[in-house]
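Since the structure comes first, as structure tokens, the remarks are kept for the end.
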2 protein chains.
Amino acid sequence: MTDERGLRLAALPRDHPCGRCEVRLDTFCGALKAKELAEFKALGSTARAEPGQCLFHEGDTAELVFNVTRGTLKLYRLLPDGRRQIASFIQPGDFLGLTVEEVHAYTAEALEPVDYCRFPRERFDRFADEHPEIGRELYAMAAHELAAAREQIVLLGRKTAIERVASFLLARFDRVRARNPDWEIVRLPMTRTDIADHLGLTKETVSRAFTSLRRRGLIALIPDARVELLRREPLEHLAAGERG
Amino acid sequence: MTDERGLRLAALPRDHPCGRCEVRLDTFCGALKAKELAEFKALGSTARAEPGQCLFHEGDTAELVFNVTRGTLKLYRLLPDGRRQIASFIQPGDFLGLTVEEVHAYTAEALEPVDYCRFPRERFDRFADEHPEIGRELYAMAAHELAAAREQIVLLGRKTAIERVASFLLARFDRVRARNPDWEIVRLPMTRTDIADHLGLTKETVSRAFTSLRRRGLIALIPDARVELLRREPLEHLAAGERG
DNA sequence: CTGCCCCTTTGATCTGAATCAACGGGACTG
DNA sequence: CAGTCCCGTTGATTCAGATCAAAGGGGCAG
């Protein structure tokens with residue numbers, strides 16, 4: 001699989017508009033041949049968002065879809081009195097903005113500088129209709145996100161504070177590991193408040209959980225918002241809910 | 001849309017194997033013409049599950065996919081110490097068993113007598129590959145379920161007990177209303193414990209929330225596990241999190 | 001009809017995490 | 001370089017919901 005993808009990457013002409021895209025093979029673009037990819041790319045444009053800027057707000061009509069190539073966003077909903085829930089963090093390779101509704105149900109805000117491709121929804125849909133291989137990839141991505149969302153449901157419904165934080169950290173480590181198998185340090189571009197709003201906790205409780213994991217020797221907190229994984233197994237036990 | 005579907009339903013020959021299926025147009029079967037539908041149906045078989053029986057367990061290899069035609073199931077995960085989270089309730093017209101993993105991450109257990117069609121996953125995938133219109137429906141269903149899952153994430157992460165119960169009830173009422181616009185009574189085939197395990201609460205808290213909603217005159221509890229909607233608006237305010 | 005079981009409801013008490021409060025530190029600003 | 005702001009951490013107190021406990025009711029087997 002990696003080899004095949006490697007070949008396809010190598011096969012892309014030098015002057016191809018997606019030639020420098022680092023996440024091409026992590027998203028459905030990887031399912032397209034060079035020519036189709038160029039056609040696809042021409043449907044949209046690229047842009048950058050600075051920290052705090054939003055690609056769209058809850059309630060906006062969904063006119064564009066996005067493909068993130070660099071940086072992290074948070075996808076959140078606000079309740080009328082200010083309570084906030086971050087449904088998920090969006091990372092390079094993630095697709096964003098697809099909705100069955102006419103209107104976005106969440107706000108997508110950049111946590112750090114974000115580069116992305118954007119496509120008018122109508123054109124995107126037409127292209128997808130004409131390219132079944134895209135449809136298949138889209139379905140696979142939706143299924144994947146659904147699995148992640150249900151994992152989050154288990155976390156929010158039944159796990160304790162420290163189990164939630166352990167699960168969150170492991171998910172981050174595993175995401176890094178998918179690319180660098182022996183990388184044991186992860187950067188967390190989001191604040192404690194963001195993590196809390198993702199895990200259904202408060203920033204104080206998240207902070208205490210980090211401290212507790214550090215004291216138990218499972219992780220180390222490194223300057224510049226980084227965390228090192230010291231002992232994976234007990235962290236996995238905690239995350240799985242084994243009352244450790 | 002309803003008219004178009006009505007026509008398509010009427011167009012199905014009398015002796016068609018799906019002729020009596022009441023949910024055909026609620027699921028992707030509705031996107032198939034009579035002949036293709038018959039071919040599709042022939043790929044699998046129908047069966048019934050009694051209350052308490054499981055279509056599959058967490059950890060089983062995912063060899064079959066299911067289409068529920070009657071009855072309700074619960075889809076749940078157990079943590080090692082017995083904590084349980086019901087990811088969702090599955091109803092007629094819902095598709096079940098699709099997973100990106102080789103193995104089911106949840107158990108699907110019947111709450112009441114359940115009729116369903118089942119298909120070997122491999123054959124189903126092949127059929128879907130050959131019929132792009134199915135792929136599109138599958139994607140739409142996955143996107144729909146993802147939206148529902150994220151709604152549940154907001155509920156579990158940030159809503160209070162009574163807001164959760166109000167949201168749950170409204171979702172039930174709306175599901176009924178989609179078919180019978182002025183129907184204000186809904187049957188709840190699941191126990192208080194099931195509802196609690198869906199909403200991240202305990203059965204006692206769920207029961208107290210029902211009592212509170214009844215005392216406020218928003219709902220009435222009717223024998224035979226039924227609930228009547230008396231005042232929709234305040235219930236909607238509660239569900240939206242307006243601190244009523 | 002009786003007894004058993006399970007479900008629901010209600011009450012009393014407990015507790016994990018929220019809230020309230022304070023402090024230290026890094027980044028930016030004027 | 002003082003001032004401000006935001007972030008993270010830690011401590012004290014509070015509270016929503018969990019847990020523990022008990023009683024009532026419907027369904028069903030014998």
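Naming convention: chains lettered A, B, ... in sequence-line order (proteins, then strands); numbering from 1 in each chain.
For B:Arg214 against C:dT8, no side-chain N or O and base N or O form a donor-acceptor pair under 3.5 Å.
Between A:Gly97 and A:Ala62, the shortest heavy-atom distance links the atoms O-CB, 4.5 Å. Taking both residues in full, the closest heavy atoms of B:Val165 and B:Ala209 are given as CG2-CB, 3.6 Å, listed atom of the first, atom of the second, then distance. Considering every non-hydrogen atom in both A:Ser88 and B:Arg150, the closest pair reads OG-NH2, 3.9 Å. Counting all heavy atoms, side chain and backbone alike, A:Lys41 lies closest to A:Cys18 at CD-SG, 3.6 Å.
With A:Glu112 as the partner, the side-chain contact (heavy atoms from CB on, under 4.5 Å) test is satisfied by one option alone out of A:Arg70, A:Met190, A:Glu50, A:Arg187: A:Arg187. Partner of A:Lys74 under the side-chain contact (heavy atoms from CB on, under 4.5 Å) criterion, out of A:Thr107, A:Thr191, A:Leu111: A:Leu111 alone.
Between B:Asp81 and B:Arg83 a salt bridge is recorded (basic side-chain N to carboxylate O distance below 4.0 Å). Salt-bridge annotation for A:Asp26 and A:Arg179: present, with a side-chain N of the basic residue lying under 4.0 Å from a carboxylate O of the acidic one.
For B:Tyr106, there are no ring-ring contact (aromatic ring centres under 6.0 Å, His included) partners, not counting sequence neighbours.
One can place CG of A:Leu213 at 15 Å from C1' of D:dT9, the figure rounded to the nearest angstrom. The CG-C1' distance, from A:Asp197 to C:dA17, rounds to 15 Å in whole Å. Going from atom NZ of B:Lys203 over to atom C1' of D:dC20 covers 10 Å, rounded to whole Å. If you measure from atom CZ of B:Arg208 to atom P of C:dT13, you get 13 Å, rounded to the nearest angstrom. Between the CG atom of B:Leu199 and the C1' atom of D:dA16 there is a distance of 16 Å, given to the nearest Å. Taking atom CG on A:Asp81 and atom C1' on C:dA18, their separation rounds to 14 Å, with Å as the unit. Atom CD1 of A:Ile162 is separated from atom P of C:dA18 by 13 Å (rounded to the nearest Å).
Taken residue by residue, residues 184-194 of chain B places heavy atoms nearer than 4.0 Å to DNA chain C at B:Thr191, B:Arg192. Within residues 217-228 of chain A, the residues having any heavy atom closer than 4.0 Å to DNA chain D are, in order of number, A:Leu221.
Within the structure, every side-chain polar atom (N or O) of A:Ser207 is placed at least 4.0 Å from both OP1 and OP2 of D:dT10. Phosphate proximity of D:dG17 to B:Thr202: absent, as no side-chain N or O sits under 4.0 Å from OP1 or OP2.
The main-chain N or O of B:Ser45 is never found under 3.5 Å from a side-chain atom of B:Arg118 such that the two would form a donor-acceptor pair.
Annotation: B:Phe95 is not in aromatic contact with B:Phe66 [ring centroid separation under 6.0 Å not met].
Summarising the local packing, CD of A:Gln53 is surrounded by more than 12 heavy atoms from other residues, nucleotides or ligands at distances under 6.0 Å.
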N/O-N/O pairs, protein side and nucleotides 21-27 of chain D side, under 3.5 Å:
none

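In this model, no donor atom of one side chain and acceptor atom of the other lie less than 3.5 Å apart for A:Glu101 and A:Thr99.
Remark on the helix from C:dC1-D:dG30 to C:dG30-D:dC1: inter-end axis angle 30°, axes from five-pair C1' superpositions, rounded to 10°.
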Could you pull out every donor-acceptor pair under 3.5 Å between side chains of residues 223-231 of chain A and any protein atom, sequence neighbours left out?
none

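Residue A:Phe210 is the one, among A:Phe210 and B:Leu201, whose nearest nucleotide of DNA chain D lies closer to the 5' end (criterion: closest heavy atom).
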